[in-house]
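The structure under discussion appears below in the form of structure tokens.
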Amino acid sequence: MKKVGVALLGLGTVGGGTYRILEANREMIKKYQGVDLTVEHVLEKNLERCKQLGVDESIVSTDINNVLNNPKIKIVAEFFGGIEPAKTFLIKSLEAGKSIVTANKELVAKYWHELEVAAKKGKAGIYFEASCVGGVPIIRTLIEGMQGNNIQSIKGIVNGTTNYILTKMADTGANYADALREAQELGYAEFNPTADVEGYDASYKLSILSSLAFRTKVPLDKVSREGISTVKVEDIEYGKELGMTLKLLAIGKNTNGKIEARVHPTFVENSSQLALVKGSFNAVSVVGDAVGEIMEYGRGAGDLPTGSAIVSDIVYAALKTRHTLSNFNNTTDQVSNRKFIFDYVTENYLRVDVGLGANPNAVVSLLKKHGVKLSNVSIKPLEDKVSIVMLTESIKDSKLNNAISLLSSISGVIGLQARIRIER
Ligand code: HSE
């Protein structure tokens with residue numbers, strides 16, 4: 001039986017989950033995959049954690065050289081997150097001919113090309129299924145399940161923390177801070193949850209996924225990003241009245257070679273599949289020109305779900321005789337011949353607040369006069385102000401922004417309080 005040594009860099013949430021799966025399912029993997037995966041070394045300074053998981057102390061250290069110089073280790077799985085020391089350790093591993101498996105979306109999104117240079121040098125592989133959508137095998141689907149398609153769009157809920165927070169706020173009226181704390185306690189959030197709530201995590205994932213889907217590098221600086229930290233519970237409520245659910249969506253589209261990639265809070269219709277994705281669950285919808293729409297759903301975060309994707313990559317890497325890298329120019333982040341769209345065309349939810357004495361119709365008339373077609377207008381008189389909730393038809397950002405900038409000329413207008421895109 002083929003025996004393949006594995007090193008685990010870090011035994012945090014996902015590292016621990018991976019170790020548990022490798023131990024619990026070792027015999028099953030031997031029987032059905034024909035490979036015996038042995039954990040030869042663990043880099044971890046928390047010995048208590050190692051003890052808790054039953055890791056033999058003799059294979060634990062904090063020195064990467066114990067991994068690099070061990071010829072039994074063919075695969076290095078990284079769980080540190082962030083850029084350093086993960087980047088240096090993984091590049092050294094690749095150069096030493098060891099394939100890498102990682103859940104580190106920030107590293108892949110920012111330094112994929114550098115990892116590939118090292119992989120070519122060491123004739124090793126780079127596997128990162130766990131970096132996007134946790135346990136959901138979306139990367140394998142894009143690379144190996146849709147080769148016969150031109151992929152037109154990829155759209156999904158790719159961050160468990162924000163989906164957990166938005167679901168909690170919508171279902172129970174919980175406030176943002178409490179919902180975030182719970183997501184952290186459950187192990188979904190990044191070490192610094194700003195990466196989750198401000199949409200960075202989702203933008204890393206979208207950069208990776210849309211590069212694979214559209215077979216061209218979609219660098220991070222071409223991905224627009226807006227998080228959920230400014231979302232107000234009243235807009236979630238008004239959205240509900242209009243039959244919509246709020247989600248943080250990652251959206252990539254390739255329209256006749258022009259690419260748009262954006263992450264932002266988005267209203268989806270209650271009847272849509274994405275509206276039904278709750279809690280830490282993730283889902284991704286992909287549209288190919290041959291297959292039409294497919295959808296994958298599952299846990300996007302957590303120890304065992306993400307560990308599932310890591311172990312799948314470890315098995316895959318262990319069985320590969322020749323590692324392949326991306327099939328597009330991935331040696332640099334510079335993309336010369338690719339057009340990206342930034343002036344997006346979307347429908348929108350708008351909430352403009354005005355003082356009690358102001359005339360809401362003046363707001364509506366001004367927007368209409370400047371080319372904003374409104375499909376729904378509701379006036380909400382409150383104790384100290386009036387909220388005007390409006391839905392626009394599809395409109396270019398530049399045109400809408402221009403109209404919105406003129407609102408301050410109307411007396412009594414407090415201002416635009418929410419502008420949320422709608423996807424159907
Ligand atoms: N913080 C991430 C999330 C973990 O909440 O989705 C999985 O990438």
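Computation of the quantities below employed the complete heavy-atom set of this structure, encompassing side-chain atoms and omitting hydrogens, waters and symmetry-equivalent molecules. For clarity, every value in this text was computed on a predicted model and none was experimentally measured. Indexing begins at 1, ligand by ligand and atom by atom, following the structure's order.
- Checking each of Asp343, Asn402, Asn401 against Lys396 for a side chain to side chain contact (heavy atoms under 4.5 Å, CB included) leaves exactly one that passes, namely Asp343.
- The backbone N or O of Cys50 lies less than 3.5 Å from no partner atom in the side chain of Glu44, so there is not a single donor-acceptor pair.
- A side-chain hydrogen bond (donor to acceptor under 3.5 Å, both in side chains) with Lys87 is found for one member of Glu114, Glu78, Glu106 and no other, namely Glu114.
- Contact shell of ligand 1 (protein heavy atoms, cutoff 4.0 Å): Lys105, Asn159, Gly160, Thr161, Tyr188, Ala189, Glu190, Asp196, Asp201, Lys205, Gly300, Ala301.
- The environment of Lys258 atom NZ is sparse: at most 12 non-hydrogen atoms of other residues, nucleotides or ligands sit within 6.0 angstrom.
- Ring planes of Phe128 and Trp112: perpendicular class, angle over 60° (limits at 30 and 60°).
- Between the side chain of Ser99 and the backbone N or O of Ile126, no donor-acceptor pair lies under 3.5 Å.
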